[in-house]
Amino acid sequence: MSHEHVSYLELLARGAATEAYDRPVLLARASGAGPEALAELEEAKQLALRVRAELEGRRRREAELSALFATAHDLAGLRDLDAVLRAIVQRARSLLGTECAYLSLNDPVAGDTYMRVTEGSVSARFQQVRLGMGEGLGGLVAQTARPYVTDDYFGDARFQHTRTIDTAVRDEGLVAILGVPLSLGSQVIGVLFAADRRARVFEREQVALLCSFAAHAAVAIDTANLLAETRSALAELERANDIIREHSGVIERASEVHDRLSELVLHGGGVHDVAHAVSEVLGGTVEFTDEGAGAARRVGGHAVREGDDWVAAVSAGGETLGALVLHGQPDLDPVDQRTLERAALVTSLLLLARRSAGEAEQRVRGELLDDLLDAPDRDRRLLRERAARLRTDSEAPHVVLAARIDRAGAADTGADAGGRESADTGADAGGRESADRQRLWSAATHLAATRHGLASARDGGTVLLLPLGPGESAADLARGTARTLGGTLREPVTVGASAPVRAPLDHPDQVAVAYEEARRCLDALRMLHRSGQGAAAEDLGFLGLLLADSRDIDGFVDRTVGQVVAYDRRRGTDLVRTLDAYFASGMSPARTKDELHVHVNTVAQRLERVGRLLGPDWQSPSRALEIQLALRLHALADAVTAT
């Protein structure tokens with residue numbers, strides 16, 4: 001083997017460039033080798049170049065096969081379609097040695113094709129371009145399902161050039177483009193491209209290689225679509241199973257609430273017990289309210305949604321008694337809605353039962369009070385036994401109260417207490433008064449039951465016998481009763497109170513006397529235009545002194561001028577005598593100072609002190625009259641004591 005042949009083997013071994021194979025020939029020519037030797041070297045060079053080309057082809061095919069194998073491996077473990085398509089485009093660009101590679105997919109709805117993955121692209125316009133079917137090289141590939149290649153895109157008249165596509169290709173700077181179809185059977189789903197920013201010729205092997213990558217990409221897309229469909233089907237099955245489990249749970253909950261409600265009814269449970277049981281079953285918070293059932297009533301008592309709440313009317317015999325309101329469960333299925341409606345039905349039964357029991361107790365309370373008023377000679381032992389069954393404290397001091405709804409103020413303006421125009425006459429007015437009495441009696445009996453007292457309808461109004469609380473006076477009880485009944489009925493309720501009756505069941509004859517005093521006090525309040533208020537005789541000044549059966553003169557004097565009398569006793573002053581002289585002198589300070597033989601400033605100072613003790617309105621006509629009467633009674637009491 002000659003030295004030159006060894007040189008070519010070395011060049012092949014180290015993979016030298018094509019230009020290096022000319023060197024042995026040039027060296028031999030420079031050393032003066034003959035024609036035969038030069039011809040032999042030329043023949044050896046050509047043989048070496050053929051061997052080199054064969055080796056290069058083998059290496060390229062090995063790289064291509066390795067890339068195709070890696071792509072197939074990616075498809076076997078497909079997890080992310082975008083990642084697989086990106087790997088295919090990257091490998092195609094690398095093996096074909098192009099500056100750019102990209103993949104587009106067809107949009108059957110829009111009827112065009114759009115960019116899905118790009119590698120080596122620098123133009124945002126190019127990355128977002130859409131090609132109509134048949135437009136540009138890619139549109140033609142997608143339409144014909146055949147590969148197309150051009151070494152000069154803008155000079156190639158085979159393609160339908162559009163301004164949008166050409167502008168995007170020019171922005172990217174592409175010149176040579178190869179496009180092959182992505183096919184599933186006979187259907188083209190997209191195009192895989194390789195492109196350069198300079199003119200170049202794509203060889204047949206490169207076209208075949210890109211077609212292989214396109215086949216893999218099509219398989220990846222089809223596999224991903226099948227996986228997506230499978231996942232969707234599994235998700236649908238899971239949802240169906242969830243629905244079945246949910247419905248099964250709902251049926252179990254409905255059965256549970258039915259059992260619990262039945263048990264509550266049998267064991268005498270109340271409305272709040274029902275609400276608590278339904279809250280636990282439905283998972284929200286259920287409360288009973290006597291308002292807010294209007295929407296449920298309008299749709300025939302079915303549970304209806306109000307904002308984020310559900311409302312079921314509680315009704316019986318066409319009368320709405322209230323509503324069950326479910327909070328915290330805005331999405332309620334039909335079975336749970338029926339559960340709420342069933343609970344509302346049970347609640348209405350419990351309310352009717354409680355109402356029947358309450359009405360019976362109210363009648364018993366009314367009958368006992370009627371006996372105290374009309375037949376005080378009844379057996380007192382029997383009266384106390386009846387009171388004990390009603391849980392009435394017969395030993396505590398009680399007050400008799402007379403109450404009446406009074407629309408006198410509304411009648412003057414032509415409107416009732418709710419602001420409505422009033423045109424009731426004759427039978428209409430009589431019907432309204434009867435309804436008012438019934439409402440007042442119902443509210444009063446509820447109050448009496450709450451305070452362990454008695455109540456009865458009487459004389460166009462209501463009479464109550466209520467025990468006094470610790471530190472409570474008859475006047476306090478009258479005012480509180482007027483507020484309570486007025487708030488319940490939303491109407492002005494006037495209440496007159498008697499003086500306290502001690503142990504009324506031991507002195508039943510005093511109850512009727514106290515009732516007459518309460519009625520007189522009630523009439524006085526109406527005459528004084530104090531409708532809607534509550535008062536006892538002690539609140540009415542000298543008028544109360546006349547109305548009260550006890551004639552508590554000392555109490556009247558103390559309430560009216562007691563502070564002035566006490567001040568004189570503590571300080572040794574002469575305010576009471578000054579007041580007597582002031583009123584005797586026609587409320588003239590000048591004549592008063594002559595009567596008392598003091599300076600007018602002294603009179604002014606004493607009267608100022610009186611004002612601080614009795615209040616700024618002490619000289620008003622009504623107060624002045626009460627003060628003068630109290631002064632006379634005080635003087636009379638002192639004279640009696642002196643004798």
Side-chain angles (χ1 to χ4, degrees), residues 67 71 80-183 188-218 220-221 224:
T71 301
D80 182 358
L81 176 62
D82 285 337
V84 174
L85 295 181
R86 194 174 298 110
I88 289 173
V89 171
Q90 289 171 348
R91 288 168 187 153
R93 178 192 178 201
S94 175
L95 288 175
L96 270 67
T98 57
E99 296 173 286
C100 187
Y102 48 97
L103 181 147
S104 66
L105 292 179
N106 291 357
D107 185 344
V109 176
D112 60 8
T113 182
Y114 62 95
M115 289 293 183
R116 175 64 183 270
V117 181
T118 63
E119 179 68 23
S121 172
V122 295
S123 168
R125 186 197 302 267
F126 182 78
Q127 294 166 12
Q128 297 173 5
V129 71
R130 298 183 75 98
L131 295 76
M133 300 302 290
E135 296 178 352
L137 182 146
L140 189 59
V141 173
Q143 186 179 53
T144 62
R146 294 175 54 191
Y148 275 87
V149 63
T150 178
D151 57 0
D152 182 8
Y153 176 78
F154 291 102
D156 198 327
R158 291 177 300 164
F159 314 119
Q160 179 183 346
H161 292 270
T162 67
R163 177 179 298 179
T164 301
I165 299 173
D166 286 0
T167 300
V169 174
R170 190 174 285 109
D171 266 7
E172 192 62 57
L174 300 180
V175 176
I177 304 174
L178 166 62
V180 298
L182 299 173
S183 300
V188 177
I189 62 172
V191 180
L192 178 62
F193 299 88
D196 260 334
R197 295 184 176 90
R198 56 183 174 79
R200 67 170 284 180
V201 175
F202 289 97
E203 299 176 358
R204 192 178 309 167
E205 291 83 359
Q206 293 174 321
V207 175
L209 176 62
L210 196 61
C211 286
S212 297
F213 277 109
H216 281 299
I221 293 170

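Remark: the backbone N or O of V188 is not paired with any side-chain donor or acceptor of S183 at under 3.5 angstrom. D196 places a side-chain N or O within 3.5 Å of a backbone atom of E99 that can act as its donor or acceptor partner. Using modelled atom types, no side-chain atom of N106 and backbone atom of P108 make a donor-acceptor pair closer than 3.5 Å.
Closest approach of V191 and G138 over heavy atoms only: CG2-O, 3.6 Å. Nearest heavy-atom pair, F193 versus G179, reported as atom, atom and distance to 0.1 Å: CD2-CA, 3.9 Å. When all heavy atoms of A214 and P181 are compared, the pair lying nearest together is CB-O, 3.4 Å.
Using a 4.5 Å heavy-atom threshold, the side chains of D107 and R130 count as touching. Side-chain atoms of F213 and V180, non-hydrogen and from C-beta on, never get closer than 4.5 Å to each other. Taking 4.5 Å as the limit, every side-chain heavy atom of Q143 sits out of range of all side-chain heavy atoms of Q160. At a threshold of 4.5 Å between non-hydrogen side-chain atoms, the residues V129 and M115 count as touching. Counting heavy atoms from C-beta outward, F159 and I165 have side chains that stay 4.5 Å or more apart. Here the side chains of L85 and I221 are in contact, with some heavy-atom distance below 4.5 Å. By the 4.5 Å heavy-atom criterion applied to side chains, R198 and V175 are not counted as neighbours. Counting only heavy atoms from C-beta outward, the side chains of I177 and Y148 never approach each other to under 4.5 Å.
Both the sub-6.0 Å distance and the 45° axial angle are not jointly satisfied by R116 relative to the ring of Y114.
With rounding to the nearest 0.5 angstrom, the CD atom of E203 is 11.5 Å from the CG atom of L209. The CZ atom of R200 sits 14.5 Å away from the CG atom of D152 when rounded to the nearest 0.5 Å. Distance CZ/R86 to OG1/T118: 9.0 Å, rounded to 0.5 Å.
Residues satisfying the ring-ring contact (aromatic ring centres under 6.0 Å, His included) test with F126, not counting sequence neighbours, are Y102. Here R158 pairs with D156 under the salt bridge (Lys or Arg N to Asp or Glu O under 4.0 Å) rule; sequence neighbours left out.
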### Message
Could you go through L192 and L182, starting from their C-alpha distance and side-chain angles, then the distance that decides it, and tell me whether this counts as side-chain contact (heavy atoms from CB on, under 4.5 Å)?
### Response
CA-CA 7 Å; L192 178 62; L182 299 173; 4.2 Å; yes

### Task
Step by step, work out the side-chain contact (heavy atoms from CB on, under 4.5 Å) result for L178 and T98.
CA-CA 10 Å; L178 166 62; T98 57; over 6 Å; no

### Task
Kindly determine whether L131 and S104 satisfy side-chain contact (heavy atoms from CB on, under 4.5 Å), including the steps that lead there.
CA-CA 9 Å; L131 295 76; S104 66; 5.7 Å; no

### Query
Checking side-chain contact (heavy atoms from CB on, under 4.5 Å) for the pair F154/V169: CA distance, chi angles, key distance, verdict?
CA-CA 9 Å; F154 291 102; V169 174; 3.8 Å; yes

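The stretch residues 167-179 participates, sequence neighbours left out, in these side chain to side chain donor-acceptor pair (under 3.5 Å) pairs: S121-E172, R125-D171, E172-R197.
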